[in-house]
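What follows is one structure encoded as structure tokens, with my remarks underneath.
Computed from a prediction, not measured in an experiment: that's the story for all the values here.
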Amino acid sequence: MAKKLSLTYRLLRRMGLNYSEEEYGDVSLLRVVGQFFKTYYRALLVSMMNWVILAPFNPRLLRPRLLRALGATVGRDVFIGDYVRVDMNHADLIILEDHVHVAAGTRLLCHQRDLSNYCVGDDYAKLGYRYGKIHLKKGCLIGMDSIVMPHVTIGEGAIVGAGSLVTSDIPAWTVATGRPAKVVRQIPVRK
């Protein structure tokens, strides 16, 4: 027998808000309204990251501060390029150590659908999420238009080539590139 949905849940569904009971539980209207305002505030912070009028201050001053305001841990002298996208509702899972460079167009994603129990006939929209930290260690560089997935640590001084998809850890002082990113070179020690 199907479980009877609460009045609030049915009302939200009628309004077009198709929340998954498995993922969100018994959702209340107050929770939805609260999440709306929290998301609006975070979206404003994210949009400020690319305001043209602030261009001279954006990469090294404004964007790192806005990431901190979203909840990320951001070290000193961090460079954030144009149109970098962060998982704004889970920015607290992002750690950028000192001297990290994140080039333009990069995406830092801290959540993804959990496909471990996904089978034929299942509704994808009802799947839950897996969450994971992204840790960018001191002095690493993420190349332009790369995507960094959850549960990834990029080692100190490592370089991720432009357009890469990082799905697993990248060791310190290496160059990795590709989709998925693979180590292609060890950075030599200066003699």
Side-chain angles (χ1 to χ4, degrees), residues 18-25 27 31 35 38-43 45-47 49-50 63-75 78-119 122-184:
N18 188 19
Y19 285 95
S20 161
E21 267 191 298
E22 291 82 5
E23 184 178 347
Y24 297 101
V27 180
R31 181 175 171 197
Q35 187 63 38
K38 189 184 291 183
T39 301
Y40 185 79
Y41 168 73
R42 288 176 178 155
L45 291 178
V46 169
S47 74
M49 291 176 72
N50 295 302
R63 291 183 189 125
R65 286 186 180 182
L66 290 172
L67 278 181
R68 283 185 199 104
L70 286 168
T73 302
V74 181
V78 169
F79 177 92
I80 308 290
D82 294 335
Y83 304 105
V84 168
R85 304 280 188 236
V86 297
D87 202 335
M88 69 180 183
N89 289 320
H90 306 290
D92 58 313
L93 297 173
I94 298 172
I95 301 168
L96 308 177
E97 292 185 4
D98 298 345
H99 309 290
V100 166
H101 280 64
V102 181
T106 296
R107 290 182 181 258
L108 303 176
L109 301 174
C110 298
H111 77 287
Q112 68 185 84
R113 291 284 185 178
D114 183 3
L115 300 176
S116 60
N117 286 326
Y118 186 55
C119 298
D122 287 351
D123 183 352
Y124 177 82
K126 292 185 177 181
L127 294 175
Y129 288 96
R130 288 181 3 174
Y131 301 92
K133 286 188 180 200
I134 292 175
H135 191 157
L136 306 183
K137 298 226 173 174
K138 183 178 178 181
C140 73
L141 163 71
I142 311 301
M144 185 179 254
D145 291 322
S146 293
I147 300 171
V148 181
M149 298 301 287
H151 302 287
V152 167
T153 297
I154 297 177
E156 181 178 347
I159 296 174
V160 173
S164 295
L165 172 63
V166 186
T167 59
S168 60
D169 294 350
I170 305 297
W173 301 106
T174 60
V175 176
T177 188
R179 289 183 169 253
K182 302 259 189 263
V183 173
V184 295

Kindly give the heavy-atom pair with the smallest separation between [X] and [Y], and that separation in Å.
X	Y	result
Leu127	Leu115	CD1-CD2, 3.6 Å
Asp145	Gly105	OD1-CA, 3.4 Å
Cys110	Pro150	C-CG, 3.6 Å
Asp122	Asn117	OD2-O, 3.3 Å
Val78	Glu97	CG2-O, 3.5 Å
Ile170	Ala181	CD1-CB, 4.4 Å

What I'd like to find out is whether the side chain of [X] reaches to under 4.5 Å of the side chain of [Y], using heavy atoms alone.
X	Y	answer
Gln112	Thr167	no
Leu96	Ile80	yes
Ile95	Ile134	no
Leu70	Val86	yes
Leu141	Phe79	no
Val183	Val175	no
Thr177	Val160	no
Met149	Leu165	yes

Between [X] and [Y], is there a donor-acceptor pair closer than 3.5 Å when you use the side chain of the first and the backbone of the second?
X	Y	value
Thr106	Gly143	yes
Arg68	Arg63	no
Ser164	Ser146	no
Asp87	His111	yes

Between OG1 on residue Thr73 and CG on residue Leu93, distance to nearest 0.5 Å: 9.5 Å
Separation between SG of Cys140 and CG of Asp98, rounded to the nearest 0.5 Å: 11.5 Å
Side chain to side chain contact (heavy atoms under 4.5 Å, CB included) assessment of Asp114 paired with Tyr129: CA-CA 5 Å; Asp114 183 3; Tyr129 288 96; over 6 Å; no
From CA spacing to verdict: salt bridge (Lys or Arg N to Asp or Glu O under 4.0 Å), Asp92, Lys133: CA-CA 8 Å; Asp92 58 313; Lys133 286 188 180 200; over 6 Å; no
Ring-face cation contact, Tyr118 with Arg113, 6.0 Å cut, 45° max: no
Pairs flagged by salt bridge (Lys or Arg N to Asp or Glu O under 4.0 Å) wherever residues 154-183 is involved - sequence neighbours left out: none
Flag if over 12 foreign heavy atoms under 6.0 Å of CZ, Arg107: no
Derivation and outcome, side chain to side chain contact (heavy atoms under 4.5 Å, CB included), residues Ile147 and Leu109: CA-CA 7 Å; Ile147 300 171; Leu109 301 174; 4.0 Å; yes
